[in-house]
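One structure is given here, and the rest of the page talks about it.
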Amino acid sequence: MPLTTHLVHQYLRHDKKFPHVWCPGCGNGIALGALIRSIHHLGYNRDDIVLVSGIGCSSRMPVYVDFNTLHTVHGRALTFATGIKLARPHLKVIVIMGDGDAMAIGGNHLIHAARRNLNLTAIIMNNNIYGMTGGQHSPTTPYGMRSTTSPYNHIERAFNISELIVTAGAGFVARGTVYHAEMLHVLIEKAIQKPGFSLVEIITHCHIQYGKLNQKGTHIDMMKWQKDHAVTVEKAQKMTIEELKDKFTIGVITDQNLPIYYDEYEKVKQRAQLSEK
Amino acid sequence: MTQKAKMPTKNDTSKPILIHGNQAIVEGALAAGCRFFAGYPITPATEIAESMAVRLPKLDGTFIQMEDEIASLGAVVGASLSGLKAMTATSGPGFSLMQEILGFAYMTEVPCVLVNVMRGGPSTGLPTHPSQADVMQARWGTHGNHTSIVLAVSSVADCFSITVTAFNLAEKFRTPVIILSDEVIAHTRERFIRPAAESLEIINRVKPAVPPEWYIPYEDTVRGVPPMAAFGDGYRYHVTGLVHDMHGFPTENQDEIRAFYKRMGRKISHYAAEIQMVNNFYTDDADITIIAYGSVARSALQATETAREKGFKVGLLQLITLFPFPCRHVENVLHKSKAVIVPEMNFGQISQEVKRVNSRQCPIIRLNRYDGNLITPDEIFEKIHEVL
Ligand SMILES: Cc1ncc(C[n+]2csc(CCOP(=O)(O)OP(=O)(O)O)c2C)c(N)n1
């Protein structure tokens, strides 16, 4: 049996949950595949995985997979994940969000989760647009682009998610694309294994909304764009600013060891219990 | 060398201690088995968080101060889904922020307790003054069809025992339970004797007894309350704020949608009698009955006793459960009394509920105060006098 078939059998929910909601050609399925491959490769027990999400197309991911799954409210997935991880530290808590979910309505939770450094893995599907509500601009919609709420072109500048989260204090930040699918599961695997807060930003395409509004072509054209504009972190180090002008980096952007919330709280408990005696 | 005076500690069950309402809520929650608190500072509820920060780590529990009230309730729901009894506490502005996730907790049937120590509003309002203006928000604040359990405390002793009850109801019915306190109760210190742990009835959520492959997470059981598995127990299931079928998966099927809402309503409404708690003081032969709750019920009791001393047949129906509205108890006094007085620190919220169930046209007199001060016994007594 080919590995993919095996993984489909083992990890997807087959009772009632298909067909899925994503448009043909969407990158969300590629990311889900990468996530499943990484968990399979790590050999984790499905009972120990909690997949939490917000609201959006990308946040529909959990319902299809046979883990403990939690589809929360728009922007707040990380807060629920915080409660889960603190209540049951042995669980591997992975949080899926869209760029609107994570950066607009949930931006505050994201920076605080990064700063707090609890053992959580956040995966942000960055398609530069609000997919589910039909193509409104998001905090990552580039300047000058069109969306249904910036019909005369977007006048705000975009957030760089990964850089922001490095600055917010995360121990591990990586960026990948759905075109570089083989690299993606390696990045997710590293992120899940990393103690503390980790983020994987996944550059993906919404050819239906963003693509149509901005004449970016088909999903294949948009994936080719990812291929042509992504540069590995290692390669980027040898390039000039001029050469990097319209490029973005992929790979591990930061990887450092910082105090982990849960370990610190264990010390708090010890101090509190000592003061009792 | 001087000997240290032996102070009674909070853990001494037998000795009287002097604590305020916010501290008593913490003691009640811990006695009920609460081991997770997430919150955000706000007057007049802050002492609940501060006290939890001290007490929880000693009990191997978890306290966390989140980035806002939305995050606080999110963390509470996450902790409860993972098997812990969990609580948050706030006041008006924070309670407003919590409304969306409160709805999520109703929808997904996650037991948890929310304390709203009421202050004047809307907006920043009167941060250090009492109010009872969030009663209808507690009932209807989140959008959509839902049934809610709302309890009101009126003393330090209540703060302890009603908090225990709130956790019991949350666990039994798989629902959020809201405790309404107010600035007066929160900060009034009273003598309190902690009941012995053995004397408390503690209810824990029912866990599935079937093997994982047989588990139906949102099954329609006899009581309408499905057993609840915690994340990590080996029962992998889906939790969503979308209307879902009994397996927890989103549905748009009319029959499944109807069945879902019916069960959600039934699990509370069929057992309303056991949720609706009141205290009757001299109501048996009362011509005039006061219906009050929270700190105002304290003033009302004093006014009632003064009236009785003077030979007037006055009674007090103190509502502990505000929702599901204790109709039968209220109807009972409406039938027996010549008039009913409803004093409240708002424009009249519970008085509307009283009017709603008033089928016999009993005169209902409101007494409202919204200037940031407690309604005094004198004011209530004056009103009694007017009505007599
Ligand atoms: C509080 C709230 N506001 C607005 C919405 C409507 N809404 C649903 S999904 C969404 C944006 C989705 O965009 P994104 O997070 O980028 O995810 P995508 O659909 O592109 O994967 C919005 C605004 C909501 N569900 N809740």
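As the structure is a prediction and not an experimental result, all values here were calculated from the model. Residue numbers start from 1 in every chain, and the chains themselves are labelled A, B, ... in the order their sequence lines are given, proteins ahead of strands.
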Residue, of B:Gly103, B:Gly241, B:Ser82, B:Gly234, that accumulates the most heavy atom pairs under 4.5 Å with chain A: B:Ser82
Chain A contact via B:Ala38 - side chain, backbone, both or neither, heavy atoms under 4.5 Å: neither
B:Asp233 versus chain A, the contacting section by heavy-atom distance below 4.5 Å: both
Which bit of [X] comes within less than 4.5 Å of chain B, counting heavy atoms only: side chain, backbone, both or neither?
| X | result |
| --- | --- |
| A:Asn45 | neither |
| A:Leu91 | side chain |
| A:Phe67 | backbone |
| A:Arg271 | neither |

Main-chain N/O of B:Ile70 paired to A:Arg76 side chain as donor or acceptor, under 3.5 Å: no
Exam field: side chain B:Glu100 to backbone A:Val73, donor-acceptor pair closer than 3.5 Å: no
Aromatic plane relationship, B:Phe104 with A:Phe80 - under 30° parallel, 30 to 60° tilted, over 60° perpendicular: perpendicular
In Å, rounded to the nearest 0.5 Å, how long is the span from [atom1] of [X] to [atom2] of [Y]?
| X | Y | atom1 | atom2 | value |
| --- | --- | --- | --- | --- |
| A:Lys269 | B:Asp60 | NZ | CG | 4.5 Å |
| B:Phe249 | A:Lys17 | CZ | NZ | 6.5 Å |
| A:Asn68 | B:Arg236 | CG | CZ | 7.5 Å |

Derivation and outcome, side chain to side chain contact (heavy atoms under 4.5 Å, CB included), residues B:Thr240 and A:Val63: CA-CA 9 Å; B:Thr240 177; A:Val63 70; over 6 Å; no
The single option from A:His112, A:His109, A:Arg115 passing side chain to side chain donor-acceptor pair (under 3.5 Å) against B:Glu67: A:His109
Which of A:Ala81, A:Ala87, A:Ala77 touches chain B most, by non-hydrogen pairs under 4.5 Å: A:Ala87
